[in-house]
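Below: one structure, written as structure tokens.
Chain identifiers are assigned alphabetically (A, B, ...) following the order of the sequence lines, protein sequences preceding nucleic acid strands; residue numbering begins at 1 within each chain.
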Amino acid sequence: MEMRERINPTVLDIRPSGIRRFFNIVSEMKDVISLGIGEPDFVTPWHICDAGIYSLEKGITCYTANAGLLELRREICKYLERRFGLGYDPATQVVVTVGGSEAIDLAVRSLVRPGDEVIIPEPCFVCYDAIVRLAGGVPVPVSTDMEHDFALTPEALEAAVTDKTRLVILSYPNNPTGAIMGRAELEAVAEVIRRHDLMVISDEIYGELTYGGEGHVSVASLPDMYDRTVVVNGFSKTYAMTGWRMGYATGHPEIIAAMTKIHQFAIMSAPTQSQYAAIEALRNGDGDIDRMRDEYDARRRLITEGLIAAGLSCYVPRGAFYVFPCIRSTGMTSEEFAEKLLHEKRVAVVPGDAFGACGEGYVRLSYAASVENITEALRRITEFVAEHKK
Amino acid sequence: MDNKIALLKLLEENPRLTVAQLAQMADIPLTEAEATIHECEQNHTILGYRTMIDWDKTDLEAVTAFIEVKLQPQRGEGFDRIASHIYRWPEVTSVYLMSGGFDLAVTIQGKSLKEVAMFVATKLAPMEGVTATATHFVLKKYKDQGVEFVSAGETDHRNVIV
Ligand SMILES: Cc1ncc(COP(=O)(O)O)c(C=O)c1O
């Protein structure tokens with residue numbers, strides 16, 4: 001038997017991440033300015049690193065409780081109450097995971113039965129489609145567009161619901177568009193969700209990164225949405241802690257118990273020194289959040305105005321650290337634009353179709369990059385767009 | 001934060017940006033940004049535009065010393081007059097009045113150990129009002145004015161695309 005035939009066909013059928021493929025091209029090249037990086041360019045604030053190091057020095061190198069240190073779960077609950085008005089019981093409603101990624105996987109595996117349909121607004125982060133397939137579910141992409149500020153509309157949601165629909169994945173502030181959904185927009189889709197008795201996974205990993213306006217609103221804080229919603233959050237983006245692999249999920253005790261059961265057998269417990277660092281982040285990190293958010297905000301205005309001045313139409317992002325300009329005016333596909341820009345100007349961006357078919361015609365730029373790199377990249381992109389004007 | 005402070009912080013970090021770019025980042029009108037910077041240059045809130053250079057990475061020979069200076073305070077003048085006699089020397093790059101075991105913290109830059117030692121022996125120590133000096137040579141600069149010298153340039157460990 002061929003080795004390939006021994007592999008689970010579900011895994012073989014999963015499309016490799018479009019980001020990954022592009023990464024292989026870029027990593028071979030020199031002198032590239034990369035605006036393709038979906039993680040903070042800050043290093044973890046030192047007091048947080050120090051807390052992780054100190055836990056190692058004290059010799060705390062063992063497993064923790066499966067759901068995570070109770071002290072950490074308490075701090076998570078205080079934090080969610082303080083920042084987003086969400087109340088949870090630390091003993092039964094929180095599980096600490098290996099990044100938000102694991103929390104998404106656990107939530108999907110706990111809620112989705114084989115054949116269930118899962119509605120996924122696109123463009124979006126690349127993991128949901130694959131995770132749903134691995135759980136035996138059927139991903140149902142729903143397009144969002146620039147005319148509606150890349151928010152999910154109740155009409156589009158309604159049109160995608162069937163009698164097999166079980167779950168909707170909301171991911172706002174959004175990677176790659178920078179869209180957010182405010183209270184009014186969430187309320188409109190919540191009405192559809194309640195009417196069809198659906199569940200929600202709300203990936204709020206960029207919840208601290210919103211700019212101007214009312215700030216982040218969690219869908220779980222809306223009437224009759226609390227028990228329907230599993231909130232996924234984490235430390236990667238909020239505190240520049242991607243490598244620590246720290247995330248968590250909160251929700252109804254029965255769902256969290258199911259997720260903790262999977263976590264217990266697949267993972268045991270999240271990394272212990274990272275959990276100690278996370279406690280420090282939640283206790284003394286609010287100032288770091290504000291400092292990094294202000295910095296991203298300044299770069300957000302710089303890059304958005306620069307792209308518009310270069311002649312690209314562009315939704316002004318309101319969250320996360322991405323901007324998603326439309327590149328149709330150049331007559332190129334996303335893929336062509338990204339490859340030509342890379343080869344001709346040595347600037348790396350990610351083609352929009354990596355985030356779902358409706359991302360075609362757009363590219364994603366990350367402004368988790370230094371101001372020097374952003375201004376130099378803008379200069380090159382401006383030249384590039386002028387040279388390829390149709 | 002008020003607009004002026006926000007703009008000055010951005011300018012301090014990004015002195016090579018255009019005023020238009022700084023105004024975008026601070027989210028204030030260009031005319032306001034131009035007027036604020038002009039005013040701050042006029043009233044010496046902005047004292048100049050400097051570049052951080054790690055001279056150890058070049059062939060230029062340079063030595064920095066940190067000198068503790070004890071003084072005899074002068075009637076009616078405190079330490080100000082003698083401090084001004086010290087900071088006017090071009091070799092002197094900073095002078096701080098300190099609390100604690102000595103009075104002035106002075107940094108001196110020179111081409112060689114000998115040059116710096118000679119400056120202290122012939123200019124600083126004999127100065128009227130100076131009662132004692134202790135010279136400490138800098139062996140390695142780890143961080144200066146908020147900039148880490150050791151790790152600079154090797155700080156981005158991220159994959160090029162994620
Ligand atoms: C929308 C979104 N969710 C989740 C993640 C995963 O983050 P982590 O597993 O590091 O918490 C990312 C990372 O890029 C993301 O963009």
Does the ring centre of [Y] sit less than 6.0 Å away from the ring centre of [X]?
| X | Y | answer |
| --- | --- | --- |
| B:Phe66 | B:Phe137 | no |
| B:Tyr87 | B:Tyr96 | no |
| B:Trp89 | B:Phe119 | yes |
| A:Tyr239 | A:Phe42 | no |

Charged N-O contact under 4.0 Å between A:Arg318 and A:Asp297: no
Where does B:Asn14 contact chain A at under 4.5 Å (heavy atoms): side chain, backbone, both or neither? side chain
Check whether B:Leu17 gets within reach of chain A through its side chain, its backbone, both or neither, counting any heavy atom under 4.5 Å. side chain
Segment of A:Glu372 engaging chain B (4.5 angstrom heavy-atom cut-off): side chain
Toward chain B, the part of A:Ala309 with a non-hydrogen atom under 4.5 Å: neither
Partner chain B: residue of A:Ala368, A:Gly243, A:Ala348 with the largest heavy-atom pair count (under 4.5 Å): A:Ala368
